Amino acid sequence: MTEGDRLDVQPVRGMRDYVGVEGAHLLSLLAVFWEQVALFGYTPCLTPLLEEAGVFFRSLGESSDVISKEMYTLLDRGGDPLVLRPEGTAGIVRALLSNRLHQDMPAHLAYAGPMFRYERPQKGRLRQFHQVGVEHFGDASPEADVESLLLSWRFLTAVGIAGDSCLQINTLGDPESRAAFRQCLIDHLTPVAHTLSADSQRRLHTNPLRILDSKDLADHQALIGVPSLQDFLTPSARDHFDRVCAGLKALGMPFEINPRIVRGLDYYVHTTFEWVHGGLGAQGTVLAGGRYDGLVRTMGGPDLAGVGWAAGLERLMLATFPPAPSPPCVVVMPEDEAPPFGAHQLADAFRHVGISAMVWAEGSMKKRMKKAAQRGIPHVVFVGQAPEHTGTVRLKIMATGQQYTLSPAQAVTVLTGGAL
RNA sequence: GCGGGCGUAGCUCAGUUGGUUAGAGCGCUAGGUUGUGGUCCUUGAGGUCGUGGGUUCGAGACCCAUCGUUCGCCCCA
């Protein structure tokens with residue numbers, strides 16, 4: 001670029017920076033997540049952002065929008081098709097197989113990181129967004145669903161929004177139940193297809209179950225009299241769901257059964273659920289997941305059960321308060337223009353006892369003090385080389401304005417709680 | 001991908017029916033204050049009015065396109 005041209009300093013559409021308190025907010029949610037999953041015995045499983053395209057084409061199902069039009073695809077220099085991951089589960093399953101973890105069941109894996117979907121950006125919906133999630137492999141019992149749901153509840157509680165959110169659960173049944181219901185739905189709706197919304201007419205061919213999820217009034221009309229998926233459940237699928245619900249009740253978890261909850265990704269079976277936060281508008285689903293017993297097999301592995309969920313950190317950020325900013329406890333200010341003899345040593349002495357410290361050498365003293373007050377820094381230490389200051393520093397308590405002349409060692413002692 | 005709103009200084013916003021050198025508050029700069037802040041006063045800097053076209057004697061205001069953002073749909077976390 002030629003001189004005088006200005007670089008376009010905008011981030012890529014739908015992607016953003018997390019600066020200062022926003023960065024701290026994101027990190028604090030991550031900290032809560034890792035703390036909670038550790039309590040449940042999950043181990044971290046961090047996978048690459050790029051996967052071979054087949055990982056997602058195979059797992060997510062071609063009918064889903066995520067696959068058909070939202071993936072960031074690219075060819076690497078060798079000509080291999082790669083995809084920036086649009087979700088976490090497929091990569092985790094790939095990692096499970098790559099690392100032969102399926103030989104040591106059960107596996108409890110947790111992940112966190114950026115995901116990429118080429119969608120129209122909106123509040124709570126970005127093209128690069130961040131998810132945390134858990135996957136539990138090798139346990140087909142309802143107890144695994146209950147435990148995963150309990151973890152989701154603990155996580156949202158620790159983050160502080162469980163009370164403002166509502167857990168909705170449903171069952172899709174086993175593949176047989178689901179296929180039978182799907183056909184029934186098609187049979188019922190095809191004769192009245194012309195009354196459906198344009199979106200649902202399309203869904204009738206791609207993913208009929210999603211019509212149940214429609215917000216369109218005409219669609220609601222058309223669905224009157226259509227049997228429920230519940231009517232198609234096999235006895236064992238029915239029993240699985242009943243036991244999940246019983247487990248949640250026993251734990252005192254609030255939930256409601258919503259027969260219209262249908263996940264968009266094709267791999268889900270049996271239990272499916274969403275935590276919806278009020279007051280986030282159209283992007284209110286803050287955490288969602290379910291059971292995906294066929295997925296590992298679909299991807300070329302053994303027939304392993306799986307259940308898990310993912311949560312969107314950006315949406316959690318909208319629903320929670322950022323942590324209070326934490327300025328350094330003490331700032332060391334050299335008074336002399338000469339090299340700041342001792343300033344770094346003193347700052348490091350504070351750090352050695354766990355007190356955060358910075359050295360500010362630049363600018364007039366007035367400017368530095370003003371900035372210190374602005375940022376809420378509680379303590380300032382002045383160091384200088386004037387003869388009368390030999391061997392001493394001056395510690396100022398910003399809240400009171402009081403200032404004490406001390407030896408460097410005394411200053412450290414005072415801030416660790418020692419007496420003056 | 002579809003429909004609507006918005007886009008003026010670092011931030012929050014004014015800008016009269018299109019009419020001279022585009023304003024305020026906060027922030028920033030320098031000072032009033034004898035090496036040191038949070039109040040007050042003064043000083044200075046900072047704007048291709050998102051971008052590109054068009055209409056007009058004249059556009060920050062009107063029209064078109066485009067980019068970004070926002071709300072709804074779609075989708076999903």
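Just so it is clear: chains get the letters A, B, ... in the order the sequence lines come, proteins before strands, and each one is counted from 1. As the structure is a prediction and not an experimental result, all values here were calculated from the model.
A gap of 14 Å separates the P atoms of C28(B) and G37(B), to the nearest Å. For U69(B) and U12(B), the P atoms lie 15 Å apart once the distance is rounded to whole Å. Taking atom P in both C13(B) and G54(B), the straight-line distance is 33 Å, to the nearest Å. U8(B) and G15(B) have their C1' atoms separated by 9 Å, with the value rounded to a whole Å. Nucleotides G5(B) and C76(B), compared at atom P, are 28 Å apart to the nearest Å. With both ends at atom P, the span from U33(B) to C26(B) equals 22 Å, rounded to whole Å. Atom P of U17(B) sits at a distance of 26 Å from the matching atom of G4(B), rounded to the whole Å. Distance noted for atom C1' between U20(B) and G58(B): 11 Å (whole Å).
Put simply, CG on L26(A) is 14 Å from C1' on A77(B), counting in whole angstrom units. Rounded to an integer number of Å, the gap from CZ of R85(A) to P of A77(B) is 14 Å. The interatomic distance linking K371(A) (NZ) with G38(B) (P) rounds to 13 Å, in whole Å. For the pair L209(A) CG and C76(B) P, the interatomic distance rounds to 12 Å; values are reported in whole Å. For the pair Q374(A) CD and C26(B) P, the interatomic distance rounds to 13 Å; values are reported in whole Å. As a whole-Å value, the separation of R127(A) CZ from U70(B) P is 12 Å. The interatomic distance linking Y118(A) (OH) with C74(B) (P) rounds to 21 Å, in whole Å. Atom CG in D17(A) sits roughly 14 Å away from atom C1' in G68(B) (whole-Å rounding).
A donor-acceptor contact shorter than 3.5 Å is absent between the side chain of R16(A) and the backbone of P11(A). Not a single donor-acceptor pair under 3.5 Å links the side chain of S148(A) to the backbone N or O of A144(A).
Which of U36(B), C76(B), A77(B) sits closest to the side chain of R210(A) comes down to C76(B). Closest to the side chain of K370(A), from the set C75(B), U29(B), G37(B), is G37(B). Between G37(B), G27(B), A77(B), one nucleotide has an atom nearer to the side chain of R315(A) than all others, and that is A77(B). Across A77(B), C28(B), C71(B), the shortest atom-to-atom separation from the side chain of K123(A) is found for C71(B). The side chain of K366(A) lies closest to G31(B) when the candidates are G31(B), C28(B), C76(B). In this structure, of G1(B), U36(B), C28(B), it is U36(B) that holds the atom nearest to the side chain of Q403(A). Distances from the side chain of Q131(A) to the nucleotides C28(B), U36(B), A77(B) place A77(B) closest. Here the side chain of M365(A) is nearest to one of U36(B), C75(B), C28(B), namely U36(B).
Between the side chains of R203(A) and S200(A), at least one donor N or O sits under 3.5 Å from an acceptor N or O. Side-chain N/O atoms of D145(A) and H240(A) include a donor and acceptor closer than 3.5 Å.
In this structure, G124(A) reaches the bases: a heavy-atom distance under 4.0 Å links it to at least one base atom across the strands shown. Contacts of G401(A) with the nucleic acid, taken as non-hydrogen atoms under 4.0 Å apart, include base atoms. Nucleic acid contact class of G284(A) (heavy atoms, under 4.0 Å, all strands): none. The residue M115(A) sits apart from the nucleic acid: no heavy atom pair falls under 4.0 Å. Looking at heavy-atom distances under 4.0 Å, E274(A) makes no contact with the nucleic acid at all. At a threshold of 4.0 angstrom between heavy atoms, the contacts of A372(A) with the nucleic acid are absent. Note on R368(A): nothing from the nucleic acid sits closer than 4.0 angstrom, heavy atoms only.
Both R394(A) and G312(A) sit near RNA chain B, but only R394(A) has its closest nucleotide nearer the 5' end.
For R203(A) against C74(B), a side-chain-to-base donor-acceptor contact under 3.5 Å is absent. Looking at R202(A), its side chain has no donor and acceptor atom pair within 3.5 Å of the base of C74(B). Evaluation of atom-type donor-acceptor distances gives a pair under 3.5 Å for the side chain of K396(A) against the base of U36(B).
The phosphate of C67(B) (OP1 or OP2) has no side-chain N or O of R13(A) nearer than 4.0 angstrom. An OP1 or OP2 oxygen of U69(B) is reached within less than 4.0 angstrom by no side-chain nitrogen or oxygen of Q122(A).
Taking a 6.0 Å sphere around CD of E362(A), one finds it holds 12 or fewer heavy atoms contributed by other residues, nucleotides or ligands. Within 6.0 Å of OH on Y18(A) lie more than 12 heavy atoms contributed by other residues, nucleotides or ligands.
Summarising the base pairing, U16(B) is matched to no nucleotide, lacking a Watson-Crick or G-U wobble pair whose two defining distances lie under 3.5 Å. Base pairing of U51(B) is made with A65(B), judged by Watson-Crick or G-U wobble geometry with both donor-acceptor distances under 3.5 Å. Searching all strands for a Watson-Crick or G-U wobble partner of A9(B) with both distances below 3.5 Å returns nothing. Both distances falling under 3.5 Å, in either a Watson-Crick or a G-U wobble arrangement, place G72(B) opposite C2(B).
In this structure, R178(A) fails the cation-pi test against F232(A), since its NZ or CZ atom is not both closer than 6.0 Å to the six-membered ring centre and inside 45 degrees of the ring normal.
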What nitrogen or oxygen pairs link the protein and nucleotides 4-7 of chain B at under 3.5 Å?
none

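Note: L167(A) CG to E274(A) CD = 10.0 Å, rounded to the nearest 0.5 Å.
Taking the six-membered ring where tryptophan is involved, the planes of F155(A) and W309(A) are essentially parallel, since the angle between them stays under 30° and well short of 60°.
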Throw together a table of side-chain donor-acceptor distances under 3.5 angstrom for residues 42-50 of chain A, partners on residues two or more places apart or in other chains.
unit_1: T43(A); atom_1: OG1; unit_2: H108(A); atom_2: O; d: 3.2
unit_1: T47(A); atom_1: OG1; unit_2: R85(A); atom_2: NH1; d: 3.3

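The pair R94(A)-E52(A) does not count as a salt bridge, with every side-chain nitrogen at least 4.0 angstrom from each carboxylate oxygen.
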